[in-house]
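Working notes, beginning with the structure itself.
Just so you know, residue 1 is the first one in the sequence shown, and it goes up from there.
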Amino acid sequence: MENINQLYLIGMMGSGKSSTGKTLSLILDWEFVDIDNEISRTHSSSINELFLEGEKHFRELEFQELKKHSLRNKTIFAVGGGAVTHQDSYDMLSSKNCIYLKTSNNILLDRLKDDNSRPLLNVKNKSEVLNQIMSQREKKYVALSRNEVITDNQSIQDNCNQIMEIING
């Protein structure tokens with residue numbers, strides 16, 4: 001891969017973007033920015049609270065946060081899973097070094113079964129909703145990413161090792 005100074009980790013909720021990004025930032029001695037955490041901090045609200053104003057509004061806040069941090073060097077970004085559905089965010093990410101953390105739905109469901117912090121999954125039939133969300137986003141993740149890391153049955157360190165191989169060619 002060419003000389004890079006930013007990495008954007010994209011993928012579904014529960015794919016390991018935040019955990020992998022934190023660990024990778026320590027390995028590389030880079031900054032780490034979790035876009036969801038930054039949105040919460042900027043607006044002094046939880047993601048669930050911000051979602052109450054509608055997903056469209058939330059996606060605009062997400063884009064503003066992405067844009068605000070997009071010029072930072074030596075930074076790894078954990079991008080919210082749904083950012084790719086907002087055209088402005090998608091357009092911005094299309095010019096960035098994105099790595100898709102790909103995770104199968106059954107693994108995501110297992111990881112997220114007791115997680116109530118995900119507004120789109122605060123439903124009874126998480127499996128069905130997760131499948132719908134994945135079908136809406138999968139092509140966008142693939143189109144934006146230069147590389148994929150399959151996170152099924154992998155540790156965070158395994159994810160980081162694969163990303164380091166990608167970075168180092």
- [ ] Determine, step by step, whether Ile156 and Lys22 satisfy the side chain to side chain contact (heavy atoms under 4.5 Å, CB included) criterion, reporting the C-alpha distance in whole Å, the side-chain angles of both residues, the deciding distance to 0.1 Å, and the verdict.
- [x] CA-CA 10 Å; Ile156 297 305; Lys22 277 183 212 163; over 6 Å; no

- [ ] With side-chain hydrogen bond (donor to acceptor under 3.5 Å, both in side chains) as the test, would you mind laying out the steps for Glu165 and Asn161 before giving the verdict?
- [x] CA-CA 6 Å; Glu165 286 177 25; Asn161 291 345; over 6 Å; no

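The structure places CD of Gln154 at 9.5 Å from OG1 of Thr20, a figure rounded to the nearest 0.5 Å. To the nearest 0.5 Å, atoms CG (Asp36) and CZ (Arg41) are separated by 12.0 Å. The distance from atom OG1 of Thr23 to atom CG of Asn159, rounded to the nearest 0.5 Å, is 9.0 Å. With values rounded to the nearest 0.5 angstrom, Ile133 atom CD1 is found 9.0 Å from Ser135 atom OG. Between the NZ atom in Lys17 and the OH atom in Tyr8 there is a gap of 15.0 Å [rounded to 0.5 Å]. Note that CD of Glu148 and NZ of Lys102 are 5.0 Å apart. Values are rounded to the nearest 0.5 Å.
The aromatic rings of His86 and Phe63 lie tilted to each other, with the angle between the two planes from 30° to 60°.
Under a hydrophobic clustering in which Ile, Leu, Val, Met, Phe, Trp and Tyr are joined whenever their side-chain heavy atoms come within less than 4.5 Å, directly or via other members, Ile4 and Leu101 fall into the same cluster. In terms of hydrophobic clustering, with Ile, Leu, Val, Met, Phe, Trp and Tyr side chains grouped at heavy-atom distances under 4.5 Å, Ile99 and Ile107 are assigned to different clusters. Grouping the Ile, Leu, Val, Met, Phe, Trp and Tyr side chains by contacts below 4.5 angstrom, directly or via other members, places Ile47 apart from Leu52. Hydrophobic clustering, with ILVMFWY side chains joined whenever heavy atoms are under 4.5 angstrom apart, groups Met13 together with Phe51. Cluster annotation: Val142 is connected to Tyr90 through the hydrophobic network of ILVMFWY side chains, with a link wherever side-chain heavy atoms come within less than 4.5 Å.
In this structure, His43 has no side chain to side chain donor-acceptor pair (under 3.5 Å) partners at least two apart in sequence or on a different chain. Taking Ser89 as the reference, nothing meets the side chain to side chain donor-acceptor pair (under 3.5 Å) condition, with sequence neighbours excluded. With sequence neighbours left out, the side chain to side chain donor-acceptor pair (under 3.5 Å) criterion links Gln64 to Glu60. With sequence neighbours excluded, the residues that form a side chain to side chain donor-acceptor pair (under 3.5 Å) with Glu53 are His57.
A pairwise comparison of heavy atoms in His69 and Phe77 identifies O-CZ, 3.3 Å as the closest pair. Nearest heavy atoms, Thr103 versus Met134: O-CE, 3.5 Å. Summarising the geometry of Cys160 relative to Ile27, their closest heavy-atom pair is CB-CD1, 3.7 Å, with the distance given to 0.1 Å. Contact record, Glu55 with Thr85: OE2-OG1, 4.4 Å, taken as the closest heavy-atom pair. Between Leu93 and Cys98, the closest heavy-atom pair is O-SG, 3.5 Å. What you find for Lys140 and Val84 is that their closest heavy atoms are CD-O, 3.4 Å.
Under a cut-off of 6.0 angstrom, the local environment of CG in Asp91 is crowded, with over 12 non-hydrogen atoms contributed by other residues, nucleotides or ligands.
No side-chain donor-acceptor contact under 3.5 Å links Asn37 and Ser40.
At least one side-chain heavy atom of Glu62 sits under 4.5 Å from a side-chain heavy atom of Ile35. Using a 4.5 Å heavy-atom threshold, the side chains of Met12 and Leu130 count as touching. Looking at Leu66 and Met92, their side chains come closer than 4.5 Å, going by heavy atoms from C-beta outward. Using a 4.5 Å heavy-atom cutoff, the side chains of Lys67 and Asp88 are not in contact. In this structure, the side chains of Leu24 and Phe32 stay at 4.5 Å or more apart for every pair of heavy atoms. The shortest distance between side-chain heavy atoms of Ser94 and Leu144 falls below 4.5 Å.
Thr42 places no side-chain N or O within donor-acceptor distance of the main-chain N or O of Ile39, the cut-off being under 3.5 Å. Remark: side-chain polar atoms of Gln6 are paired, donor with acceptor, to backbone N or O of Ser70 under 3.5 angstrom. At distances below 3.5 Å, not a single donor-acceptor pair connects side-chain atoms of Ser19 with backbone N or O atoms of Gly16.
Considering Val79, Asp34, Ile163, Val149 as possible partners of Leu9, the one that fulfils the side chain to side chain contact (heavy atoms under 4.5 Å, CB included) test is Ile163. Paired with Ser104 under the rule side chain to side chain donor-acceptor pair (under 3.5 Å), one option of Thr151, Asp110, Asp152 passes, and it is Asp152.
Screening residues 73-83 for side-chain hydrogen bond (donor to acceptor under 3.5 Å, both in side chains) gives Asn5-Asn73 as the qualifying pairs, with residues at least two apart or on separate chains. Residue pairs satisfying the ring-ring contact (aromatic ring centres under 6.0 Å, His included) criterion with at least one member in residues 122-155, sequence neighbours excluded, are listed as follows: Tyr100-Tyr141.
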